[in-house]
Amino acid sequence: MSRFSRSILVLALAGATSAGFAFDHYKGIGRQATPAEVKAWDIDVRPDFKGLPKGSGTVDRGQEVFEEKCASCHGTFGESNEVFTPLIGGTTKDDIKTGHVKGLSSGDLPQRTTFTKVATISTIFDYIQRAMPWTAPKSMKPDDTYAVLAYMLNLAEIVPADFTLSDKNIAEVQKLMPNRHGMTTDHGMWPGASAAKGGIGNGGKPDVKNTACMKNCKTEVRIGSGLPDYARDAHGNLFDQNRSFGPVRGIKTGGAAAAPVVATANAGSGPLDLATRSGCMACHGVNNKIVGPGYNEVQARYKDQPDAAARLALKVKNGGQGVWGSVPMPPNGEMKDADINTLVAWILSGAR
Amino acid sequence: MVDIVKQPGRLRRAPENFLSEAEVKAVGEGRRDFLRKSFLTAAGAAMTAPMLARASEGDANILQNPEWTTTLGQPVAVRPYGLPSKHESQLVRRESPGLTRVGAASVSFAPLQGMFGIITPSGLHFERHHQGWYDIDPARHRLMINGSEPAFVKQAKVYTMDELMRLPSVSRIHFIECGANTGLEWGNVAVPTVQYTHGMLSCSEFTGVPLKLLLDDCGVDYRKARFVLAEGADGSSMTRTMPMEMVESGEVLVAYGQNGEMLRPENGYPLRLVVPGVQGVSWVKWLRRIEVGDKPYATKDEAVHYIDLLPNGQHRQYTSVQECKSVITTPSGGQALLDKGFYNVSGLAWSGRGRIKQVDVSFDGGINWQATRIEGPVQNKSLTRFNIGWVWDGKPAILQSRAIDETAYVQPTYGQLRLVRGTKSIYHNNAIQSWKVDESGEVSNVQVL
């Protein structure tokens with residue numbers, strides 16, 4: 001036996017042993033999470049309030065926080081429909097008693113607000129803490145989260161104006177949620193064990209039963225609804241949304257309200273990209289008002305004012321209201337001055 | 001010669017190439033006789049004498065070799081990451097005007113009306129973001145696995161992309177459909193084309209590690225931890241609950257690959273969850289954390305949204321499975337057939353409960369049905385392409401497709417669904433879609449009960 005083949009044999013044996021271990025345990029992959037790491041990311045709060053941080057906040061404090069950090073998008077009373085569907089409204093004192101929002105079945109609700117649907121206050125606490133304010137998620141301290149939630153509960157007339165919400169009483173408040181009995185899990189669309197076996201729902205039993213009839217399945221064709229004319233035109237020119245060759249063509253429709261091609265994201269580092277990254281585009285369109293004025297309107301207003309750039313940079317940094325309406329712009333204090341100046345110069349030069 | 005001219009696609013060019021915009025509109029509005037007449041005038045007026053002479057000999061595209069046949073083309077790697085043809089600019093992701101108020105919490109729809117087979121090109125995959133998308137630095141991305149009780153895992157662990165990509169991987173083709181796909185149509189017809197009725201639907205080959213492998217690696221106590229929470233790394237840190245049974249089946253993947261490349265940023269680069277058969281919201285993008293627990297979590301997107309309103313005012317909560325569904329994509333709403341004669345009618349079928357077994361098509365609004373050809377191999381919880389030949393006689397017709405999955409569930413009609421769920425469910429509309437073809441050849445969206 002040559003030296004060469006002997007060493008191969010030794011290697012092969014060594015390989016066989018370590019492979020045996022590798023199957024129970026992927027050695028060298030992953031490491032233990034430190035307690036601080038788990039604490040930093042494990043922020044979820046369940047309906048039984050597992051995960052709830054300690055803290056408290058009053059309705060009054062909540063109003064301050066809400067006006068400063070939330071009202072620009074949701075309206076002072078959580079009623080705004082501008083950026084998202086309203087948070088508050090549509091619930092009654094009677095709903096708080098019954099735990100069923102009556103408007104959901106009577107059809108009287110013009111719109112389903114957050115509080116007409118949600119059964120668990122834990123959900124809203126978890127969500128605000130994780131995702132709001134929309135442009136600065138995870139910036140809320142627990143006490144301020146309790147406070148804005150207390151304010152929202154007061155707006156929905158679930159708690160009085162002198163209420164303090166805390167980790168101690170939040171479970172009691174959950175028992176007053178107007179739609180707390182409004183959920184059912186009796187359906188077949190949970191992809192796991194049934195409720196009877198510790199899971200959710202009926203174990204996958206569908207709620208409708210069609211048959212695979214092939215011939216003379218019915219005597220008449222009943223058309224329930226057709227495409228209204230306005231809808232035919234509401235998505236732009238369909239001709240431009242189909243190939244220019246092949247078995248069919250798009251029909252010519254619409255015009256002005258073209259379904260916008262989703263703009264290719266600016267991968268570079270231009271001002272639009274900076275504005276997008278800095279969250280400005282959530283509230284300003286280049287050519288349209290969203291929460292704040294369109295950049296075209298800003299440019300038009302200040303085009304003959306040489307000192308506008310400096311003033312606007314300060315305004316962007318500190319926030320403020322009253323020039324375009326009562327809705328305030330939140331401060332952008334954490335941004336670099338150079339970036340703010342770049343953005344303001346870009347806006348004043350037409351945001352192109 | 002006269003015969004050739006009458007046949008579309010031979011010497012005659014498609015209407016938009018020689019009709020004025022107003023005239024094409026007239027065609028679109030159904031005045032087909034007008035089309036025939038104006039073709040004759042257009043041909044007479046626009047064609048110069050030599051062109052006419054040539055036309056009598058045959059197609060200029062054949063008689064005169066075009067520049068791509070007679071000159072040198074471009075070298076390799078001019079476009080290091082290839083792009084679609086410049087002639088394909090029409091089929092792109094689009095938003096539905098008025099559907100949402102801000103673009104970073106919105107949807108863009110995939111152009112199903114022009115797509116083939118079952119794989120969605122990654123650049124056309126539908127988008128749904130709640131708080132904008134990021135192109136995350138993979139070197140700084142981490143996946144954490146922990147328990148709602150520390151005792152539910154032997155060890156809470158952190159993995160880097162380097163580590164995840166060393167583990168044994170699988171590649172599987174699955175569809176992803178937003179729970180709200182076709183949601184605009186619960187009450188009545190609302191949108192014109194299949195892009196907007198069904199375009200929150202895509203299908204890719206995903207590559208990644210079964211989540212079960214990672215949970216085993218952390219030593220999960222499967223007797224106690226029967227629920228799994230997934231969480232994203234974006235601003236919304238989207239969270240959703242799923243059943244441990246699905247993870248145990250080995251189907252749930254922690255995926256980094258999509259159609260042979262890495263995930264696209266809009267689809268969760270560098271890591272997303274793949275939950276086959278379940279609505280898209282559960283396929284958490286930019287996946288940063290998995291928590292195993294003993295109870296469901298009632299997160300915002302399972303307690304305020306993705307709950308299905310019933311006529312009695314109750315909401316169904318934790319509805320997750322995308323039930324069996326299908327749609328004809330060619331021809332479909334907003335298109336026009338160019339002429340009478342043969343067409344390959346083609347569409348997609350899928351089921352969150354497994355494989356597609358059969359797809360039937362009706363041309364008379366559901367009175368009679370014919371089985372279609374299913375393009376195999378049929379995959380589990382994947383889009384499945386079906387095709388059937390059809391000769392259009394120029395008369396009005398209503399096209400429908402009806403899918404049946406391996407559990408023998410038959411896709412329902414609007415009438416059947418509304419009887420149980422009313423019209424305000426928003427989510428999980430899997431009704432049979434109908435496309436009406438009128439005498440002009442225009443195809444439009446209608447609902448047959």
Side-chain angles (χ1 to χ4, degrees), chain A residues 26 29-33 38 41-42 46-47 83 104-105 114 117-118 120 123 127 130-131 137 182-185 187 189-193 199-200 206-208 210 212 214-215 217-218 221-227 232 235 238 240-243 247-252 257 259-262 282, chain B residues 24-25 28 90 92-94 97 101-102 104 108 114 144 146 155-159 163 188-189 192 217 235-237 243 245-246 278 289 297-298 300 303-304 312-321 331 334-336 343 365 367-369 404 409-410 412 416 420 442 444-449:
Chain A
Y26 294 100
I29 304 233
R31 60 158 177 87
Q32 181 149 23
V38 174
W41 276 11
D42 184 358
R46 284 195 324 206
V83 175
L104 290 170
S105 51
T114 310
K117 294 183 283 181
V118 69
T120 37
T123 303
Y127 181 66
R130 122 184 352 270
M183 300 289 158
T184 170
T185 51
H187 58 74
M189 291 163 80
W190 173 249
I200 291 173
D207 59 353
V208 290
N210 197 1
M214 298 301 282
K215 283 266 161 303
C217 302
K218 54 189 176 186
V221 176
R222 277 178 54 220
I223 306 240
S225 148
L227 188 70
R232 185 177 181 271
H235 285 70
L238 302 179
D240 296 333
Q241 300 178 26
N242 282 276
R243 227 169 243 117
V248 295
R249 293 293 180 281
I251 53 173
K252 292 228 172 190
V261 169
V262 175
Chain B
V24 174
K25 185 145 185 287
Q90 305 90 343
V92 291
R93 299 196 274 232
R94 290 174 198 271
R101 299 156 185 79
V102 281
S108 73
M144 179 187 290
N146 71 313
Q155 194 176 50
K157 287 187 81 169
V158 172
Y159 301 89
E163 290 162 342
N188 50 268
V189 170
D217 189 47
S236 78
S237 292
E245 290 83 11
M246 270 209 85
V278 169
R289 193 171 69 95
Y297 289 81
K300 188 262 277 178
V304 184
N312 68 2
Q314 294 292 100
H315 282 96
R316 284 182 176 166
Q317 195 176 18
Y318 300 115
T319 47
S320 304
V321 174
Q335 298 180 334
Y343 286 87
I367 298 173
N368 296 294
W369 296 83
I404 306 175
Y409 174 96
V410 183
Q416 289 166 334
V420 186
E442 178 171 339
S444 69
N445 185 2
V446 296
Q447 289 183 353
V448 172
L449 297 176

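Proteins come first, then strands; the chains are lettered A, B, ... in the order of their sequence lines, and each starts at number 1. These figures come from a predicted structure and were not determined experimentally.
- Contact between Gln314(B) and Met183(A) at its shortest, heavy atoms only, is NE2-O, 3.7 Å.
- Note: Asn368(B) leads Asn146(B), Asn445(B), Asn368(B) in heavy-atom pairs under 4.5 Å with chain A.
- Of the two parts of Val278(B), only the side chain, counted from C-beta on, holds a non-hydrogen atom closer than 4.5 Å to a non-hydrogen atom of chain A.
- For His235(A) (side chain) and Arg94(B) (main-chain N/O), no donor-acceptor pair under 3.5 Å exists by modelled atom type.
- Under the ring pair (Phe, Tyr, Trp, His ring centres under 6.0 Å) criterion, Tyr127(A) pairs with no residue, sequence neighbours left out.
- The candidate with the highest count of non-hydrogen atom pairs below 4.5 Å against chain B, out of Ala193(A), Pro191(A), Gly250(A), is Pro191(A).
- Panel note: side chain Arg130(A), backbone Ser236(B); no donor-acceptor pair is recorded below 3.5 Å.
- Most heavy-atom pairs under 4.5 Å with chain B, from the set Cys217(A), Ser105(A), Gly30(A): that is Gly30(A).
- Ion pair Glu442(B)/Lys252(A) not flagged as a salt bridge, since none of the NZ, NE, NH1 or NH2 atoms sits closer than 4.0 Å to an Asp/Glu carboxylate oxygen.
- Contacts of Ile404(B) with chain A are made by side-chain atoms alone, with heavy-atom separations under 4.5 Å and no backbone atom involved.
- Counting heavy-atom pairs under 4.5 Å between each of His315(B), Gln447(B), Glu163(B) and chain A puts His315(B) at the top.
- The residue among Asn210(A), Val208(A), Thr120(A) with the most heavy atom pairs within less than 4.5 Å of chain B is Asn210(A).
- Note on Arg222(A), Lys215(A), Arg46(A): by heavy-atom pairs under 4.5 Å with chain B, the leading option is Arg46(A).
- For Val448(B), the parts sitting under 4.5 Å from any heavy atom of chain A are the backbone and the side chain alike.
- For the set Thr185(A), Thr114(A), Val83(A), the count of heavy-atom pairs under 4.5 angstrom toward chain B peaks at Val83(A).
- Legend: residues meeting salt bridge (Lys or Arg N to Asp or Glu O under 4.0 Å) with Arg316(B), ordered by chain and number and at least two apart, are Asp207(A).
- Distance OG1/Thr123(A) to NZ/Lys300(B): 11.0 Å, rounded to 0.5 Å.
- Between Glu245(B) and Gly192(A) the shortest heavy-atom distance is OE1-CA, 3.6 Å.
- Per-residue counts of heavy-atom pairs under 4.5 Å with chain A were compared for Pro412(B), Ser320(B), Ala336(B); the largest is that of Ala336(B).
- For chain A, the nearby part of Tyr409(B) is the side chain; its heavy atoms alone come within less than 4.5 Å.
- Put simply, of Ala131(A), Gly199(A), Pro47(A), Gly182(A), the one with the most heavy-atom pairs under 4.5 Å next to chain B is Gly182(A).
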